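Shown next, in structure tokens, is the structure this report addresses.
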Protein chains: 2
Amino acid sequence: MARRNDHTREEIQGMAIDATRTLIATEGLEGVSARKVAQQIGYTVGTLYQNFENIHELILHANAFSLTQLLAALEQAYHQESKPMQRIIRIANTYLDFGQMHEKQWAAIFRHTLPQGFVMPDWYQARIDALFSLIERAVWELAPGRDKKQIQLASRTLWSSVHGICILNIGNKLYSDNIATPQTLMQSLVTHYLNAWVREGSKA
Amino acid sequence: MARRNDHTREEIQGMAIDATRTLIATEGLEGVSARKVAQQIGYTVGTLYQNFENIHELILHANAFSLTQLLAALEQAYHQESKPMQRIIRIANTYLDFGQMHEKQWAAIFRHTLPQGFVMPDWYQARIDALFSLIERAVWELAPGRDKKQIQLASRTLWSSVHGICILNIGNKLYSDNIATPQTLMQSLVTHYLNAWVREGSKA
DNA sequence: ACCTGAACACCGTTCAAGT
DNA sequence: ACCTGAACACCGTTCAAGT
């Protein structure tokens with residue numbers, strides 16, 4: 001054994017991230033373990049730890065992949081509507097759909113927490129920022145005349161709320177369906193919040 | 001050893017739940033383990049498993065305790081305001097404060113997931129239901145004339161959103177503070193959403 | 001330089017054996 | 001009946017030893 005040199009560092013890292021993504025998609029975040037990943041790529045845990053600092057870095061890479069997919073879906077949604085309000089609704093529903101379609105991956109993104117002392121890498125934070133930028137841009141187009149501060153406040157409020165509805169949707173699927181679909185809640189949130197917010201701005 | 005009979009079943013269970021609560025409060029949900037709990041109450045893991053089905057049941061009991069505290073705080077908030085809109089704002093801010101003050105406990109409630117196949121016990125679900133009932137009552141008082149269906153829809157939408165803001169607040173504490181405090185987001189959400197919702201109802 | 005395999009300190013859970 | 005302690009099958013992480 002030792003020194004097989006079958007794969008480059010980059011190849012091993014890519015294989016490990018892929019294996020982690022598969023584990024998340026099938027068994028969820030809790031199903032990920034260093035030993036399982038190692039076994040699936042045909043190396044031992046030792047090799048895994050020469051390519052990644054720890055298991056969290058590996059999960060972060062897998063989650064970053066999902067975030068990139070999510071961002072792509074949201075950007076597509078953005079370009080599919082031209083009216084500002086419809087655009088935001090479309091983006092919010094795409095967010096909801098993504099969570100519904102890729103439940104395990106979505107949950108892995110938002111359920112994974114770094115242990116104390118770990119800092120979120122820049123390349124990961126960049127993806128989160130890109131997500132918020134997209135929303136800010138869409139909200140700005142709805143009310144181009146307003147302060148940047150106000151746009152930021154509204155964007156954050158709106159998106160936290162959209163996120164909250166997605167979470168509730170994944171958690172208790174059963175008993176909210178009797179009352180209304182998550183799409184109905186989403187519609188209610190976005191239209192009511194933004195209508196009142198836009199109206200408030202036109203008073204000034 | 002064996003057959004000490006120092007404590008009744010109920011005493012052991014109470015001690016174990018208390019120990020779990022302490023572990024959550026100090027180390028967070030990830031810091032809980034059967035061995036730690038057992039050690040802290042002066043028994044072995046074996047005894048723990050004679051009193052609880054598994055570790056999840058233990059965590060559920062600890063979380064139920066937190067939920068009861070949260071519910072009490074929300075009910076107090078309810079009675080501290082008489083105007084319907086102010087009342088809802090007060091309840092939402094109390095929810096936010098509770099999450100901020102008891103961060104670990106709050107996170108434990110919403111981050112703990114039962115493994116597949118586990119059903120949430122009735123005594124636990126009852127506490128969640130009580131929480132939603134409180135909100136529904138408060139929303140109903142804001143618009144007593146509207147359909148029960150509409151009240152339920154608005155309550156769920158509003159509370160999912162409030163919850164979303166709390167989550168964002170706990171996750172990224174640092175960089176949202178430059179833009180606005182979570183209290184500002186909360187205020188923005190509740191007033192805008194409910195103003196538009198109330199206005200919509202008065203049109204009919 | 002690259003990779004392994006064993007080791008360490010942990011998990012959740014079970015259950016024969018002791019009193 | 002009650003409780004223990006060892007066992008089983010897992011974890012994340014490290015590192016001396018091999019090629």
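We name chains A, B, ... by the order of the sequence lines, and we start the count at 1 in each one. Note that this is a predicted model, so its numbers are computed, not measured.
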Checklist entry - So what is the 5' to 3' dot-bracket string for DNA chain D, if pairs are Watson-Crick or G-U wobble with both distances under 3.5 Å, crossing pairs use [ ] and | means the partner sits on another strand? => result ||.|||||...|||||.||
Next on the checklist: Just the rounded figure in Å: distance from P of D:dC3 to CG of B:Asn51.
Outcome noted: 8 Å
Using a cutoff of under 3.5 Å, can you pull out all pairs of nitrogen or oxygen atoms linking the protein to nucleotides 11-14 of chain C, with atom names and distances?
| residue | atom | partner | partner atom | Å |
| --- | --- | --- | --- | --- |
| C:dC11 | OP1 | B:Ser33 | OG | 3.3 |
| C:dG12 | OP1 | B:Ala34 | N | 3.4 |
| C:dG12 | OP2 | B:Ala34 | N | 2.9 |
| C:dG12 | N7 | B:Arg35 | NH1 | 2.5 |
| C:dG12 | O6 | B:Arg35 | NH2 | 2.9 |
| C:dT13 | OP2 | B:Tyr49 | OH | 2.4 |
| C:dT13 | OP2 | B:Ile55 | N | 2.9 |
| C:dT13 | O5' | B:Tyr49 | OH | 3.3 |
| C:dT13 | O4 | B:Arg35 | NH2 | 3.4 |

Checklist outcome for this item: Rounded to whole Å, CD of A:Gln39 lies from P of D:dA9 at a distance of 16 Å
Next on the checklist: Taking the ring of A:Trp197 and the ring of A:His192, is the distance between their centroids below 6.0 Å?
Outcome noted: no
Next on the checklist: When you compare the side chains of A:Tyr193 and B:Ser188, does any donor N or O come within less than 3.5 Å of an acceptor on the partner?
Outcome noted: yes
Checklist entry - Counting any heavy atom closer than 4.0 Å, what does A:Leu58 reach on the DNA or RNA strands: base, sugar-phosphate only, or nothing? => result nothing
Item to check | For atom OH of B:Tyr43 and atom P of D:dT4, their distance in whole Å | outcome: 7 Å
Next on the checklist: Under 4.0 Å between a side-chain nitrogen and a carboxylate oxygen: does that hold for B:Asp6 and B:Arg4?
Outcome noted: yes
Checklist entry - With sugar-phosphate meaning primed atoms plus P, OP1 and OP2, does B:Ile12 contact a base, only sugar-phosphate, or nothing at under 4.0 Å between heavy atoms? => result sugar-phosphate
Next on the checklist: Can you tell me which residue among A:Leu158, A:Thr191, A:Val162 is in a side chain to side chain contact (heavy atoms under 4.5 Å, CB included) with A:Ile88?
Outcome noted: A:Leu158
Next on the checklist: Applying the ring pair (Phe, Tyr, Trp, His ring centres under 6.0 Å) criterion to B:His163, which one of B:Phe98, B:Trp106, B:Phe132 satisfies it?
Outcome noted: B:Trp106
Item to check | side chain to side chain donor-acceptor pair (under 3.5 Å): pairs with one or both residues in residues 58-78 of chain B, sequence neighbours excluded | outcome: B:Thr68-B:Arg127, B:Tyr78-B:Arg87, B:Tyr78-B:Glu141
Next on the checklist: Please tell me whether A:Asn93 and A:Gln183 have a donor and an acceptor in their side chains that are separated by less than 3.5 angstrom.
Outcome noted: no
Next on the checklist: Rounded to whole Å, how long is the line connecting atom CG of B:Leu48 with atom C1' of D:dC2?
Outcome noted: 14 Å
Checklist entry - Once you round it to whole Å, what is the distance between C1' of D:dC3 and CG of B:Asp6? => result 11 Å
Checklist entry - Heavy atoms, side chains only, cut-off 4.5 Å: are B:Thr113 and A:Arg111 in contact? => result yes
Checklist entry - Looking only at side-chain N and O atoms, does A:Thr47 come under 4.0 Å of OP1 or OP2 in C:dT4? => result yes
Checklist entry - Taking only N and O in the side chain of B:Arg4, is any of them less than 4.0 Å away from OP1 or OP2 of D:dT4? => result yes
Checklist entry - Parallel, tilted or perpendicular: which describes the rings of A:Tyr95 and A:Trp159, with under 30° parallel and over 60° perpendicular? => result perpendicular
Checklist outcome for this item: Rounded to whole Å, CD of B:Gln50 lies from C1' of C:dA17 at a distance of 13 Å
